[in-house]
Asker: 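The structure that follows is given in the form of structure tokens.
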Amino acid sequence: MPIPTDISYIADPVVAPDGTVEFTCSQDVEAWPWLELPPYHPIVIQTQCFWVSIGGALARGTLDPTRWSALTWDNWHTRPTATKHAARGRISNIELKGDDAFEIMLWDEDGGELCDLCGKGVVFRTRDFEGWRAGAKSDVGKNGPAPTLDYAPRSETGVPDGEYSLISRLTDDAKPSATGLITAENGLPPASRHLTGSGDHVNATHLAECARQFAALYEKDPGVIIAGGDCRFVHYVEIGSPFRVDLNNRDLNYMYLTVSQAGRDCSYIQLEIH
């Protein structure tokens, strides 16, 4: 997505010679309404991942706001008993299996570790991004009739008042699935206080929340707590077009999901259920 530089979730950055950035985190709920959610909530984790990455690059002076970027993978672990949001953090450049990656650590005001997240991304430096995306959107029927969906009740997906379920109830078979549909009316401001995004496509935060809602439905527990996750994003999911969420396996504390659209696998999501 195009990179905003007019607002910042992090403050007081201190940049080390190796590019590691230490910072404090905003506690302003009016500026960041997703802080209304518990600190371990997937929406919180994924939104922090985006804004800490942007803030770290700004602090280093390496951010090019004219380029589009995309998250391709992240893996996180949280403290599911946490009650306070992040007060300070650190973002570092690391190497994972020969690839450039980043690591984000977040702590609350008492020094308790809240989140350990690693991720990888890509910056589109030469591609005609807007032209390429226009073609991709038409491939999944973006210009067809506006679809509708019978969404699962909020009481079953654990969505707060004023927010929206993003997926249908699960199919009742051996390997359940759900249909998802994200639009400006349920997944972007001002309709949603907690979900944000570029508006160009379904973002990592949307998909993590769809996975959490799937877990709530499957476990029949709207208060299901996600203690960690692993998300691999291999193809864009388009806003305004239906997609599928399929259960691949439920093993011990882990749930494995695939998100697909127009017959193509787009994301692979693993959740750790607390």
Asker: Any side-chain heavy atom of Cys231 sitting closer than 4.5 Å to one from Trp76?
Answerer: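 Result yes, sub-4.5 Å side-chain heavy-atom pair found.
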
Asker: Looking just at side-chain N and O atoms, do Trp73 and Asp230 make a donor-acceptor pair shorter than 3.5 Å?
Answerer: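 The criterion, which ignores hydrogens and geometry beyond distance, is satisfied for Asp230 and Trp73.
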
Asker: Show the numbers, then the answer: is there a side chain to side chain contact (heavy atoms under 4.5 Å, CB included) between Val52 and Tyr9?
Answerer: CA-CA 7 Å; Val52 170; Tyr9 168 64; 4.0 Å; yes

Asker: Arg60: what forms a salt bridge (charged side-chain N to carboxylate O under 4.0 Å, His left out) with it, not counting sequence neighbours?
Answerer: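 Applying salt bridge (charged side-chain N to carboxylate O under 4.0 Å, His left out) to Arg60 gives none.
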
Asker: Taking salt bridge (charged side-chain N to carboxylate O under 4.0 Å, His left out) as the definition, give me every residue that meets it alongside Asp172, ordered by chain and number, with sequence neighbours left out.
Answerer: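 Partners of Asp172 under the salt bridge (charged side-chain N to carboxylate O under 4.0 Å, His left out) test: none.
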
Asker: Quick one: are Arg232 and Thr72 in side-chain contact, heavy atoms under 4.5 Å?
Answerer: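 When only atoms from C-beta onward are counted, Thr72 and Arg232 do not touch, as no gap falls below 4.5 Å.
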
Asker: With sequence neighbours left out, write down each residue that passes salt bridge (charged side-chain N to carboxylate O under 4.0 Å, His left out) with Asp116, or none if nothing qualifies.
Answerer: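 Asp116 satisfies salt bridge (charged side-chain N to carboxylate O under 4.0 Å, His left out) with no other residue.
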
Asker: Using a 3.5 Å distance criterion without hydrogens, assess whether the side chain of Ser168 forms a donor-acceptor pair with backbone atoms of Thr179.
Answerer: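 Yes; judged by distance alone, with no hydrogens or angles, the pair exists.
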
Asker: For Pro153, give me all partners under side chain to side chain contact (heavy atoms under 4.5 Å, CB included), at least two apart in sequence or on another chain.
Answerer: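 Applying side chain to side chain contact (heavy atoms under 4.5 Å, CB included) to Pro153 gives Ser155, Glu156, Arg169.
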
Asker: Atom CD1 in Ile182, atom CG in Leu195: separation rounded to 0.5 Å?
Answerer: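 Answer for the CD1-CG pair, Ile182 versus Leu195, is 7.5 Å.
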
Asker: Same cluster or not: are Ile104 and Ile94 linked, directly or through other Ile, Leu, Val, Met, Phe, Trp or Tyr residues, by side-chain heavy atoms under 4.5 angstrom apart?
Answerer: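 No, because Ile104 and Ile94 fall into different hydrophobic clusters, even though each may have its own neighbours under 4.5 Å.
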
Asker: So which residues get pulled into Tyr254's cluster when ILVMFWY side chains under 4.5 Å apart are joined, directly or through others?
Answerer: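 Hydrophobic cluster check, Tyr254: joined to Tyr256.
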
Asker: Can you check whether Phe102 reaches Cys49 side chain to side chain, under 4.5 Å on heavy atoms?
Answerer: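 Phe102 reaches Cys49 side chain to side chain.
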
Asker: Are the side chain of Asp108 and the backbone of Gly111 linked by a donor-acceptor contact shorter than 3.5 Å?
Answerer: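 Checking the backbone N and O of Gly111 against the side chain of Asp108, a donor-acceptor pair under 3.5 Å is found.
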
Asker: By side chain to side chain donor-acceptor pair (under 3.5 Å), which residues pair with Asn93, not counting sequence neighbours?
Answerer: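 By the side chain to side chain donor-acceptor pair (under 3.5 Å) rule, Asn93 matches no residue at all.
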
Asker: Any salt bridge between Arg193 and Glu163, counting N to O under 4.0 Å?
Answerer: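 Between Glu163 and Arg193 there is no salt bridge, as every charged N stays at least 4.0 Å from the carboxylate O atoms.
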
Asker: Output all residues satisfying side chain to side chain contact (heavy atoms under 4.5 Å, CB included) with Ala208, sequence neighbours left out; order by chain, then residue number.
Answerer: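 Residues passing side chain to side chain contact (heavy atoms under 4.5 Å, CB included) with Ala208: Pro42, Gln46.
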
Asker: If you round to the nearest 0.5 Å, how far is OG1 of Thr47 from CH2 of Trp34?
Answerer: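 Here the rounded value is 6.0 Å.
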
Asker: Between Lys84 (side chain) and Glu109 (backbone), is there a donor-acceptor pair under 3.5 Å?
Answerer: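 Checked: no pair found.
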
Asker: Side chains of Glu209 and Leu166: closer than 4.5 Å at any heavy-atom pair?
Answerer: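 With C-beta onward as the side chain, the pair touches.
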
Asker: Taking all non-hydrogen atoms of both residues, which atom of Ser260 and which atom of Phe243 are closest, and how far apart?
Answerer: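 So the two residues come closest at O-CB, 3.2 Å.
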
Asker: Under 4.5 Å between side-chain heavy atoms, chaining through other members, with only Ile, Leu, Val, Met, Phe, Trp and Tyr counted: pull out the rest of the cluster around Tyr151, sorted by chain and number.
Answerer: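 Under the 4.5 Å side-chain rule, Tyr151 groups with Leu149, Leu181.
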
Asker: Can you hop from Leu37 to Val224 via hydrophobic side chains spaced under 4.5 Å?
Answerer: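 Result: yes, single cluster for both.
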
Asker: Given the rule in the side chain to side chain donor-acceptor pair (under 3.5 Å) test, do Thr258 and Asp246 qualify, once you have shown the distances and angles that lead to the verdict?
Answerer: CA-CA 5 Å; Thr258 297; Asp246 287 285; over 6 Å; no

Asker: Just checking Asp251: does its CG atom have more than 12 heavy atoms from other residues, nucleotides or ligands closer to it than 6.0 angstrom?
Answerer: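 Atom CG in Asp251 is crowded, with more than 12 foreign heavy atoms closer than 6.0 Å.
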
Asker: For residues 17-29, which side-chain N or O atoms pair as donor and acceptor with protein atoms under 3.5 Å away, sequence neighbours left out?
Answerer:
from  : atom 1 : to    : atom 2 : distance (Å)
Asp18 : OD1    : Thr20 : N      : 3.0
Asp18 : OD1    : Thr20 : OG1    : 3.0
Asp18 : OD2    : Thr20 : OG1    : 3.3
Thr20 : OG1    : Ser92 : OG     : 3.4
Thr24 : OG1    : Ala11 : O      : 3.2
Thr24 : OG1    : Asp12 : OD2    : 2.9
Ser26 : OG     : Asp28 : N      : 3.1
Ser26 : OG     : Trp32 : NE1    : 3.3
Gln27 : NE2    : Cys25 : O      : 3.1
Gln27 : NE2    : Ala86 : O      : 2.6
Asp28 : OD1    : Glu30 : N      : 3.0
Asp28 : OD1    : Ala31 : N      : 3.2

Asker: Is the side chain of Ser177 donor-acceptor paired with the backbone N or O of Val245 at a distance under 3.5 Å, no angle test?
Answerer: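 Not a single qualifying donor-acceptor pair exists.
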
Asker: Kindly indicate whether the side chain of Leu257, heavy atoms from C-beta on, has any atom under 4.5 Å from the side chain of Arg250.
Answerer: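 A side-chain contact is absent here, since even the closest heavy-atom pair is not under 4.5 Å.
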
Asker: For residues Met105 and Trp107, determine if any side-chain heavy atom of one lies less than 4.5 Å from a side-chain heavy atom of the other.
Answerer: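 Sidechains of Trp107 and Met105: in contact.
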
Asker: Taking all atoms of both residues into account, what is the closest heavy-atom pair of Lys120 and Asp99, and its distance?
Answerer: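 So the two residues come closest at NZ-OD2, 3.2 Å.
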
Asker: Checking Glu113 now: which residues fulfil salt bridge (charged side-chain N to carboxylate O under 4.0 Å, His left out) with it, not counting sequence neighbours?
Answerer: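 With sequence neighbours excluded, Glu113 shows a salt bridge (charged side-chain N to carboxylate O under 4.0 Å, His left out) to no residue whatsoever.
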
Asker: Are Val234 and Tyr236 connected in the hydrophobic side-chain network, where two residues link if heavy atoms are under 4.5 Å apart?
Answerer: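 Shared cluster, no.
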
Asker: Distance check, rounded to the nearest 0.5 Å: Gln48 atom CD versus Thr78 atom OG1?
Answerer: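 Those atoms lie 10.5 Å apart.
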
Asker: Would you be so kind as to tabulate the donor-acceptor pairs closer than 3.5 Å made by side chains of residues 262-274, with sequence neighbours excluded?
Answerer:
from   : atom 1 : to     : atom 2 : distance (Å)
Arg264 : NH1    : His235 : NE2    : 2.2
Asp265 : OD2    : Tyr268 : OH     : 3.1

Asker: What is the distance from atom CD of Gln261 to atom CZ of Arg244, rounded to the nearest 0.5 Å?
Answerer: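 Reported value, rounded in 0.5 Å steps: 12.5 Å.
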
Asker: Holding to side chain to side chain donor-acceptor pair (under 3.5 Å), I want the full list of residues that pass it with Arg88, two or more places apart in sequence or in another chain.
Answerer: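 With sequence neighbours excluded, Arg88 shows a side chain to side chain donor-acceptor pair (under 3.5 Å) to no residue whatsoever.
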
Asker: Would you compute the distance between atom CD1 of Ile167 and atom CZ of Arg212 and round it to the nearest 0.5 angstrom?
Answerer: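 Taking CD1 in Ile167 and CZ in Arg212, the distance rounds to 9.0 Å.
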
Asker: Starting from Val159, can I reach Leu35 by hopping between I/L/V/M/F/W/Y residues whose side chains sit under 4.5 Å apart?
Answerer: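 Per the 4.5 Å side-chain linkage, Leu35 and Val159 are not co-clustered.
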
Asker: What are the two closest non-hydrogen atoms of Gly56 and Ile91, and how far apart are they?
Answerer: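 Gly56 and Ile91 have their closest heavy atoms at CA-CG2, 4.1 Å.
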
Asker: For the side chain of Asp110 and the backbone of Gly112, is there at least one donor-acceptor N/O pair under 3.5 Å apart?
Answerer: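 Looks like no, no N/O pair under 3.5 Å.
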
Asker: Of all the heavy-atom pairs spanning Gly187 and Ser192, show the shortest one and how long it is.
Answerer: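 Shortest heavy-atom separation between Gly187 and Ser192 comes out as C-CB, 4.3 Å.
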
Asker: Which atom pair, heavy atoms only, marks the closest approach of Ala184 to Ala191?
Answerer: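 Looking at all heavy atoms of both residues, the shortest contact is O-CB, 3.5 Å.
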
Asker: For side chain to side chain contact (heavy atoms under 4.5 Å, CB included), just list the numbers for Val14 and Arg90, CA-CA rounded to whole Å, side-chain angles, deciding distance to a tenth of an Å, and then say yes or no.
Answerer: CA-CA 9 Å; Val14 177; Arg90 181 181 70 224; over 6 Å; no

Asker: Please check if Ile54 and Ile7 belong to a single hydrophobic cluster, counting links between Ile, Leu, Val, Met, Phe, Trp and Tyr side chain heavy atoms closer than 4.5 Å.
Answerer: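 Yes, Ile54 and Ile7 fall within the same hydrophobic cluster.
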
Asker: Any donor-acceptor pair under 3.5 Å linking the side chain of His41 with the backbone of Pro38?
Answerer: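 Looks like no, no N/O pair under 3.5 Å.
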
Asker: Answer yes or no: is there a side-chain heavy-atom contact under 4.5 Å between Phe233 and Leu207?
Answerer: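 Yes - at least one pair of side-chain heavy atoms lies under 4.5 Å apart.
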
Asker: To the nearest 0.5 Å, tell me how far Leu170 CG sits from Gln213 CD.
Answerer: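 It is 11.0 Å, given to the nearest 0.5 Å.
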
Asker: Report yes if the side chains of Val44 and Tyr40 come closer than 4.5 Å at any heavy-atom pair, otherwise no.
Answerer: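 Sidechains of Tyr40 and Val44: no contact.
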
Asker: Kindly give the heavy-atom pair with the smallest separation between Phe214 and Ala178, and that separation in Å.
Answerer: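 Closest approach of Phe214 to Ala178: CE1-N, 3.9 Å.
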
